[in-house]
Amino acid sequence: MNEYFEKHLPYRTRILLAHYKMTHDLDGADKPWYSDPAWLEACFVASLVTARMYLNVLGIGKEDNRLTPFVARRDDITVDDLGGRRVDVKKLFPDEKQLILNFLTMADKAAAHFTSPMSHDWDKTHDVIKIVHRLLKTQLYDPTGRTGLEPLQAY
């Protein structure tokens with residue numbers, strides 16, 4: 001289990017936060033990106049995939065256009081395996097539920113599958129990234145007494 005907290009979770013969390021940190025200053029205000037747009041785009045897609053993965057790790061899934069408890073496969077690692085607590089989707093705030101549901105739908109379409117375009121408020125992606133980060137802290141790091149969660153603030 002230490003390997004996950006020392007290696008895999010920090011690595012994935014840096015991916016989760018990369019796009020956010022590239023486009024926000026230390027106070028969380030938007031900042032422009034002046035370098036290669038391909039780096040920014042790659043980090044955006046990587047953050048979508050990673051946030052989707054983390055929502056599943058935390059116990060949040062999607063079925064029939066609603067949030068459901070995630071059903072892990074035999075080889076999936078979840079907070080249960082790491083000593084944390086699953087998110088009870090019923091206890092999420094209604095606005096968080098809708099944000100997460102819209103995000104999962106968009107992430108499925110935009111990152112996990114190559115499909116017809118759909119309307120989505122891309123600006124809400126960072127709101128979901130912040131929710132995922134908070135849930136990692138409250139549902140995994142705090143219950144296990146672990147420190148070392150990558151901070152949300154920009155570099």
Between Ala18 and Cys43, the two heavy atoms sitting closest are CB-SG, 4.0 Å
Exercise. For the hydrophobic clusters of this structure (ILVMFWY residues joined by side-chain heavy atoms under 4.5 Å, transitively), does one cluster hold both Ile60 and Val79?
Worked result: yes
### Query
Side-chain contact, heavy-atom cut-off 4.5 Å: Leu135 with Tyr54?
no
OG1 of Thr105 to CZ of Arg52, rounded to nearest 0.5 Å, is 10.5 Å
Exercise for review: Report yes if some heavy atom in the side chain of Thr23 is under 4.5 Å from a heavy atom in the side chain of His126; otherwise report no.
Suggested key: yes
Tightest non-hydrogen contact, residues Leu17 and Pro151, listed as CD1-O, 3.4 Å
Heavy-atom distance under 4.5 Å between the side chains of Leu101 and Lys62, does that happen here?
-> yes
Distance col, row Thr13:OG1 vs Lys137:NZ, nearest 0.5 angstrom, shows 13.0 Å
Query - Short side-chain to backbone donor-acceptor contact, Asp25 and Asp27, under 3.5 Å - result: yes
**Item:** Heavy-atom donor-acceptor pair, His133 side chain to Glu150 backbone, under 3.5 Å
**Value:** yes
Heavy-atom nearest pair, Leu48 first then Ala107, reads O-CB, 4.3 Å
message: Closer than 3.5 angstrom, by distance alone: can the side chain of Arg85 be matched with the main-chain N or O of Thr138 as a donor-acceptor pair?
response: yes
- Task: Would you please test Asn2 and Arg146 for side-chain contact (heavy atoms from CB on, under 4.5 Å) and show each step?
- Result: CA-CA 10 Å; Asn2 284 337; Arg146 302 283 182 150; 2.8 Å; yes
Lys21 and Gln153 have their tightest heavy-atom pair at CE-O, 3.1 Å
I'd like to check Leu16 versus Arg12 (side-chain heavy atoms, cut-off strictly below 4.5 Å). Are they in contact? no
| request: With the side chain counted from C-beta on, respond yes when Asn102 and Val128 share a heavy-atom pair under 4.5 Å apart, and no when they do not. | output: no
Next on the checklist: So Asp76 and Asn56, do their side chains get closer than 4.5 Å, heavy atoms only?
Outcome noted: no
Distance col, row Leu149:CG vs Leu140:CG, nearest 0.5 angstrom, shows 8.5 Å
Is there a path of hydrophobic side-chain contacts, each under 4.5 Å between heavy atoms, that joins Val57 and Met1? yes
Self-check item: Donor-acceptor pair, side chain of Asp80 and main chain of Gly84, under 3.5 angstrom
Solution: no
For Lys130 and Leu152, the nearest pair of non-hydrogen atoms, with its separation, is CG-CD2, 3.5 Å
Notebook entry, point to check: Should we say atom CZ of Phe5 is surrounded by more than 12 heavy atoms from elsewhere, each under 6.0 Å from it?
Noted result: yes
dist Leu58:CG -> Met53:CE (nearest 0.5 Å) comes out at 9.0 Å
If only atom types and distance count, is the side chain of Arg86 paired as donor or acceptor with the main-chain N or O of Thr78 below 3.5 Å?
no
Tell me whether the rings of Tyr20 and His24 are parallel (<30°), tilted (30 to 60°) or perpendicular (>60°). parallel
*Should Leu9 and Leu82 count as side-chain neighbours, where that means a heavy-atom distance under 4.5 Å?*
yes
Interatomic distance, OH@Tyr141 vs OG1@Thr147, rounded to 0.5 Å, equals 9.0 Å
**Report entry** Plane angle bin for Phe44 and His19 - parallel if under 30°, tilted between 30 and 60°, otherwise perpendicular
**Finding:** perpendicular
Side chain to side chain contact (heavy atoms under 4.5 Å, CB included) with Ile131: of Leu92, Leu99, Leu136, Leu55, only one passes, and it is Leu99
